[in-house]
Novice: 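This is the structure, below, for whatever I ask next.
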There are 2 protein chains.
Amino acid sequence: MIEAGYLFQQKGYHGVGLSQILERAGVPKGSLYHYFPNGKADLALAAADVAATEVLRIIDASFETAKDYQEGVTTFCYKLAKYFDIHEGKIGCPVSATLLGGPDDAAFRDALKGIFEKWMARITAHAVRLGQPAPDAALNAQRLFLSLEGSWTLARAQRNADVIRNLPSLVC
Amino acid sequence: MIEAGYLFQQKGYHGVGLSQILERAGVPKGSLYHYFPNGKADLALAAADVAATEVLRIIDASFETAKDYQEGVTTFCYKLAKYFDIHEGKIGCPVSATLLGGPDDAAFRDALKGIFEKWMARITAHAVRLGQPAPDAALNAQRLFLSLEGSWTLARAQRNADVIRNLPSLVC
DNA sequence: ATAGGAATAGACCGGTCGGTCTATATTTAG
DNA sequence: CTAAATATAGACCGACCGGTCTATTCCTAT
């Protein structure tokens, strides 16, 4: 399941074959269609959901111990850069590659939209908690999010996470 | 050729079939493999190159008539938002979808890296020409580029170009 | 101990994929 | 006018795609 997510993130929805996923996960086809009757599409949505929740967890872990917003952003970007490096620079935003690359389906689009909103809301909440005025907090969270998505893309093109690590100085 | 580019941009490298491209372009297979002996991969690289050059043209058109950097950014984002709307919100960054979704190939990655660098260099040059100090100009160009990539992604998820139109107030 | 549902296992299917190849049409050069 | 080069056209290929289906194994409740 998590392994499946990595493959989707690396190669995009249409870039991985079902057989490749199943082989890597060590699971036969029967089991997949037992748990996910709609097959690949369901699997991709589930994998994106797992990845999205993991990012939320990283956001919390980064901001909870921070004494101000900037420090939280710095920790957050550092953690994501490390995640990027672990996967050898092949993985960008863990959800957009999976969902935007998939079928042109309302369910996929809405899922992605919802995930992005959750991320920004969570960052905004931490910013407010750390003393930012509410309107600034929302703007800064959006700034961070948009730049982060861009950094993921650029980092993949460069096979180098430095642009992610330098993000805090760019958006704070 | 240009039509092929749109398809790649919408559906990603693996999301379009060769036959679909050829049908839409009204071209038989023989012609494709006459001009692009390496088939789909060559075609994708060429399509990305065409799209990248078009973006450069849009950058120039936006900044040449502007009286300051902010005005150029505003015009630029407006033009891109219009492009986004024309394609019914299905097209994001015209090169990353084509190239990042493709095979895990150094040629693809390097092409993408080169395109991104060209874009940022061009924006930086305009910023300098419009009176920004050189170090600020490069930073602002990167800020704009990263946020723009993010906006393209978010705009697709939302099927709405507003986030692109609001970009100038976020990065200037 | 055993009946019955849940889960595993993978053979199998039609369709489509990217790519090759031969035959025909069109243009260019002498 | 004709021969050679260039470009068009699409039938055809093996491989692999996502998905279905049947057979078997595993677990659990009685």
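Chain naming here is simple, since letters A, B, ... match the order of the sequence lines and numbering starts at 1 in each. Not measured: the values here are computed from a predicted model.
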Novice: Testing A/Ser147, A/Ser151, A/Cys77 one by one against A/Val163 for a side-chain contact (heavy atoms from CB on, under 4.5 Å), which residue passes?
Specialist: A/Ser151
Novice: What distance do A/Leu144 atom CG and A/Ile59 atom CD1 have between them, rounded to the nearest 0.5 Å?
Specialist: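 Answer rounded to 0.5 Å: 8.5 Å.
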Novice: Using the ring pair (Phe, Tyr, Trp, His ring centres under 6.0 Å) rule, pick out the option among A/Trp119, A/Phe76, A/Phe63, A/Tyr69 that qualifies with A/His126.
Specialist: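 Passing option: A/Phe63.
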Novice: Given atom CG of B/Leu32 and atom P of C/dC17, what is their separation to the nearest angstrom?
Specialist: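 Distance, rounded to whole Å: 14 Å.
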Novice: Please encode protein proximity along nucleotides 10-22 of chain D as a string of B, S and -, counting only heavy-atom distances under 4.0 Å.
Specialist: BB-----SBBB--
Novice: For B/Tyr35 and D/dT8, is the shortest distance between a side-chain N/O and OP1 or OP2 below 4.0 Å?
Specialist: yes
Novice: What is the distance from NE2 of A/His34 to P of C/dT8, rounded to the nearest Å?
Specialist: 7 Å
Novice: Counting N and O atoms only, with roles assigned by atom type, does the side chain of A/Arg165 sit under 3.5 Å from a partner on the main chain of A/Tyr78, one being a donor and the other an acceptor?
Specialist: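 No, because the side chain of A/Arg165 does not come within donor-acceptor range (under 3.5 Å) of the backbone of A/Tyr78.
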Novice: By side chain to side chain donor-acceptor pair (under 3.5 Å), which residues pair with B/Glu54, not counting sequence neighbours?
Specialist: B/Arg57
Novice: When the distance from CG of A/Leu22 to C1' of C/dA7 is rounded to whole Å, what number comes out?
Specialist: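 Answer to the nearest Å: 15 Å.
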Novice: Going through the checks in order, is the side-chain contact (heavy atoms from CB on, under 4.5 Å) test met by B/Tyr83 and B/Ile91?
Specialist: CA-CA 9 Å; B/Tyr83 181 86; B/Ile91 286 185; 4.1 Å; yes
